[in-house]
Amino acid sequence: MNYKDYVKWDRMPTTWCPGCAIGTIFKQTAFALADIGLAAEDMAVVSGIGCSGRAAGYFDVDSVHATHGRAIPLAEGIKRANPRLKVIVFSGDGDLVGIGGNHLLHASRRDAGLAVICVNNGIYGMTGGQMAPTTPVGEKTLTSPHGSAYAPLNIQGIVTSNRRHWYARASTFHIAHLQRVIREAVEWPGFAFVEVMGFCIENSGRRLGFKSGHEMLTKLKADYKLRPGAEGLLGERELGVVKHDG
Ligand SMILES: Cc1ncc(C[n+]2csc(CCOP(=O)(O)OP(=O)(O)O)c2C)c(N)n1
Ligand SMILES: [Mg+2]
């Protein structure tokens with residue numbers, strides 16, 4: 001298989017802004033699918049609403065663009081109706097962790113057999129850059145002009161609080177690692193969650209003083225380090241996998 005087999009080329013170019021992180025994550029997902037050699041008829045992709053949520057419409061496989069926050073339960077329904085399918089959720093932090101947060105709690109608790117790829121740009125991007133549960137403390141957004149007063153939700157903590165779990169943190173800059181963990185998430189039989197540190201230049205970065213998406217990519221390179229080995233939870237700025245198959 002070739003990554004091009006998973007893309008609806010007649011829908012290119014995407015609606016994503018130049019310099020957006022989502023395209024990179026979308027492409028690395030297609031690379032990972034090609035690497036596994038997954039046939040289109042053996043999978044489904046589900047997205048929620050948001051810029052990241054547009055991804056479902058660009059994969060050339062059976063896909064659903066769910067209502068806001070409901071990608072995970074819709075995907076779980078597909079999986080339960082047809083357990084043979086690999087069901088992949090590709091959506092944003094606001095969709096999966098904000099409005100859809102309750103579904104994240106319970107699908108991970110039930111160890112639903114889904115691979116969830118979460119584009120974490122720290123904001124509600126599509127609607128203009130409002131503060132999200134993932135916004136770093138002190139960060140200025142459209143709705144926190146003096147900086148967010150709250151610490152972001154600990155997604156790793158939520159997922160790993162379940163006995164059997166699989167969680168990865170990846171970044172849009174570290175693409176070889178990103179592709180590897182997406183592959184592993186798709187192959188994991190239970191609930192697998194990939195938190196991909198991304199960014200949004202137009203509705204967040206410019207407000208923070210960045211001039212281009214490339215500058216934001218460079219910041220990811222400086223901020224995040226790959227963790228060798230697999231002992232314990234990931235530190236705040238570490239990329240890697242935390243799993244327990246028990
Ligand atoms: C029920 C409902 N509430 C609010 C909205 C408005 N809305 C559309 S996209 C979005 C935020 C999406 O954020 P995220 O999932 O982080 O995606 P991003 O655009 O950042 O990739 C919101 C609040 C909606 N479409 N439906
Ligand atoms: Mg977002």
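Note: hydrogens, waters and symmetry copies are ignored here, and every other heavy atom, side chains too, is used. For ligands, and for the atoms within them, numbers begin at 1 and follow the listed sequence.
For ligand 1, the atoms closer than 4.0 angstrom to any heavy atom of Asn121 are 18 (P), 20 (O), 21 (O). Every atom of ligand 1 is numbered from 1 in the order shown, and the set under 4.0 Å from a heavy atom of Gly50 is 9 (S), 12 (C), 17 (O), 19 (O). Residue contact check: Asp93 has heavy atoms under 4.0 Å from atoms 14 (P), 15 (O), 16 (O) of ligand 1. With ligand atoms numbered from 1 in the order given, ligand 1 contributes 8 (C), 9 (S), 12 (C), 15 (O), 25 (N) to contacts under 4.0 Å with heavy atoms of Ile49. Atoms of ligand 1 found under 4.0 Å from any heavy atom of Gly125, numbered from 1 in the order shown, are 18 (P), 19 (O), 20 (O). Within the listing of ligand 1, atoms 14 (P), 15 (O) sit less than 4.0 angstrom from a heavy atom of Asp95. Shown in contact with Ile123 at under 4.0 Å from a heavy atom are these atoms of ligand 1, numbered in order with element: 16 (O), 20 (O).
With ring centers used as reference points, Phe31 lies under 6.0 Å from Tyr3.
The closest protein non-hydrogen atom to atom 21 (O) of ligand 1 is Ser52 OG, 2.6 Å. The nearest heavy-atom contact from the protein to atom 7 (N) of ligand 1 is Thr127 CG2, 3.4 Å. In this structure, the protein non-hydrogen atom closest to atom 14 (P) of ligand 1 is Gly94 N, 3.5 Å. Nearest non-hydrogen protein atom to atom 11 (C) of ligand 1 is Tyr124 CD2, 3.4 Å. The protein heavy-atom contact nearest to atom 23 (C) of ligand 1 is His68 NE2, 3.4 Å.
Contacts of Leu96 with ligand 1, taken as heavy-atom pairs under 4.0 Å, are absent altogether. Both the backbone and the side chain of Met126 come within contact range of ligand 1, each with a heavy atom under 4.0 Å.
No side-chain heavy atom of Val87 sits less than 4.5 Å from a side-chain heavy atom of Met43. The side-chain heavy atoms of Trp166 and Phe193, taken from C-beta on, include no pair separated by under 4.5 Å.
Taking CG of Asp60 as the reference point, atom NZ of Lys4 lies at 14.5 Å (rounded to 0.5 Å). Here the SG-CH2 distance, from Cys200 to Trp16, works out to 13.0 Å after rounding to the nearest 0.5 Å. With values rounded to the nearest 0.5 angstrom, Leu226 atom CG is found 7.5 Å from Arg180 atom CZ.
Of the residues listed (Val45, Val116, Val64, Asp95), the one engaging Val89 in a side-chain contact (heavy atoms from CB on, under 4.5 Å) is Val116, and it is the only one. For the side chain to side chain donor-acceptor pair (under 3.5 Å) with Asp111, the qualifying choice from His165, Arg164, Arg163 is Arg164, the only one to do so.
Nearest approach of Cys118 to Val97, heavy atoms of both residues: SG-CG2, 4.4 Å. Between Gln28 and Ile182, the shortest heavy-atom distance links the atoms C-CD1, 4.3 Å.
Screening the protein for N, O or S atoms under 2.8 Å from the Mg ion (ligand 2) yields 3; no waters enter the count.
Taking a cutoff of 4.0 Å between a charged side-chain nitrogen and a carboxylate oxygen, Glu215 and Lys219 do not qualify as a salt bridge.
In the hydrophobic clustering of this structure, Met1 groups with Val186; members are Ile, Leu, Val, Met, Phe, Trp, Tyr whose side-chain heavy atoms approach within less than 4.5 Å, directly or through other members.
Summarising the local packing, NE2 of His106 is surrounded by more than 12 heavy atoms from other residues, nucleotides or ligands at distances under 6.0 Å.
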